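A short worksheet on the structure shown next.
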Amino acid sequence: MKITKDQIFDFNDKNKSSYENDFLNKKLQSQGKNMDEIIQKIIDFQVAIPSWALGAGGTRFGRFSFGGEPSSLEQKLEDIGLIHALTKTAGAVSLHIPWDIPEDIQAIKDIALDNGILFDAMNSNTFQDQPNAKESYKYGSLNSINQASREYAVEHNIEVVKIGEKLGSKSLTVWLADGASFPGQINFQKALYNTEDSLKTIYGNMPEDWKLFIEYKPYEPNFYSTTIQDWGTSFMLANACGDRAYTLVDLGHHLPNTNIEQIVATLMMKGKLGGFHFNDSKYGDDDLTVGAIKPYNLFLIFNELVYGMEQNKHNPYPAWMIDASHNIKDPLEDLIQSLEAILIAYAQALIVDRKALEIAQLENDTVTCQEILQDAYRTDVRGLLKAARVQSGAAIDPLKAYRSFNVRKELINERGTKVVATGL
Ligand code: LRH
Ligand code: MN
């Protein structure tokens, strides 16, 4: 299925009355800000879609299929193409290997190009044993006391980099389930030493222009210890590997009430923030729609990102990726909602009156500091997103367009209801 430019144009024509930015323009001018520059930043903000989140997700308690799910990488790229046609914000895919091994590299590159999709970070998988695997990851991979398992896992990561090179990707994300579920099960120091040593080997085998993203997580699937449990451990390992190794922040990988925006500020100040896995959560690594539970936290994180992107030029432009799992919603609608929430938080952070905030902070005028931040957060910036979409050739209201084009019905007609997509 394809969505044509004409369909988008007709849709926008019918829905053109739904926004005006005059009030916002006056407000921004009073702060010496240029609205068109902000709209251009929104247009340029591209988020990678995870190849493992285009079908219905599930938990150990069950999975409810959605119908019309993609059964191949080709179909997954087509679905990302649909989201990108509607939003012009999903111009990249993040592949997970071996869930989405490209059989025919050239064919995959052609489909991606045809849909305006680039290949962002590759993801390795040493948290599942593949059929006929020579070694098991049951008791760990890069941290394993079993040298053969470590070497097998290192080999897999090097293999993933090779696949990524052929596709034009320039980064590898390593997330490790490695750890323990019971006290005494592992020696913490040996586990960390082995992990550091293995990561250094992987880093040493990456092309000179590649980045390594080290993703941390406090628990699950291990429920007592995770070797790369927090930002500090990831930061330490990134420093041990080298200049092109960074920390990746998955929003769902924090214990309750963790101040994630402060972690972001710290990593950017140290030039070690590599990228994000955006999602939202109430309790654990729930992988819910971005901004569905804690939108103010997301705004505070983008507030630090915008400040950091202005102040910390030594930190590379972060990799923006979604990492979610769709147990209830239509996967494509869920991703469209996540993209909207990400752009809203970004736009709100772009309109923060930073000069006034700095003055209020210098004067310890705490009340005014909060007023300035919440003024931006309480400002409806959706008109800026709509202006950005009209300019970029996207649908003025992607979710409404998705439904008015009956995309899911079309996909079910094409693919049936029984297909199960690979991934989480
Ligand atoms: C681990 C994680 C990681 C991926 C996986 C699909 O929880 O966030 O980023 O490998 O989800
Ligand atoms: Mn993740």
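First listed ligand is number 1; within each ligand, the first listed atom is number 1. These figures come from a predicted structure and were not determined experimentally.
- The closest approach between Glu220 and ligand 1 stays at or above 4.0 Å for every heavy atom of the residue.
- Residue Asp285 has at least one heavy-atom neighbour below 4.0 Å for each of these atoms of ligand 1: 7 (O).
- Judged by distance alone, the side chain of Arg415 and the main-chain N or O of Gly68 form a donor-acceptor pair under 3.5 Å.
- Remark: Lys272 is positioned above the aromatic ring of Tyr246, its terminal NZ or CZ atom under 6.0 angstrom from the ring centre and at most 45 degrees off the axis.
- A donor-acceptor contact shorter than 3.5 Å links the side chain of His314 to the backbone of Met269.
- Asp380 is linked by a salt bridge (charged side-chain N to carboxylate O under 4.0 Å, His left out) to Arg382, counting only residues two or more places apart in sequence or in another chain.
- Asp250 counts as a contact of ligand 1, since one of its heavy atoms falls under 4.0 Å from the ligand.
- Considering backbone and side-chain N/O of His96, one or more are found under 3.5 Å from N/O of ligand 1.
- Here the closest non-hydrogen pair linking Ile263 and Tyr216 is CG2-OH, 3.9 Å.
- Ile328 CD1: 12 or fewer foreign heavy atoms inside a 6.0 Å radius.
- Using a distance-only test at 3.5 Å, with no hydrogens or angles considered, no donor-acceptor pair links the side chain of Asn327 to the main chain of Thr59.
- Around the Mn ion (ligand 2), protein N, O or S atoms at less than 2.8 Å number 4.
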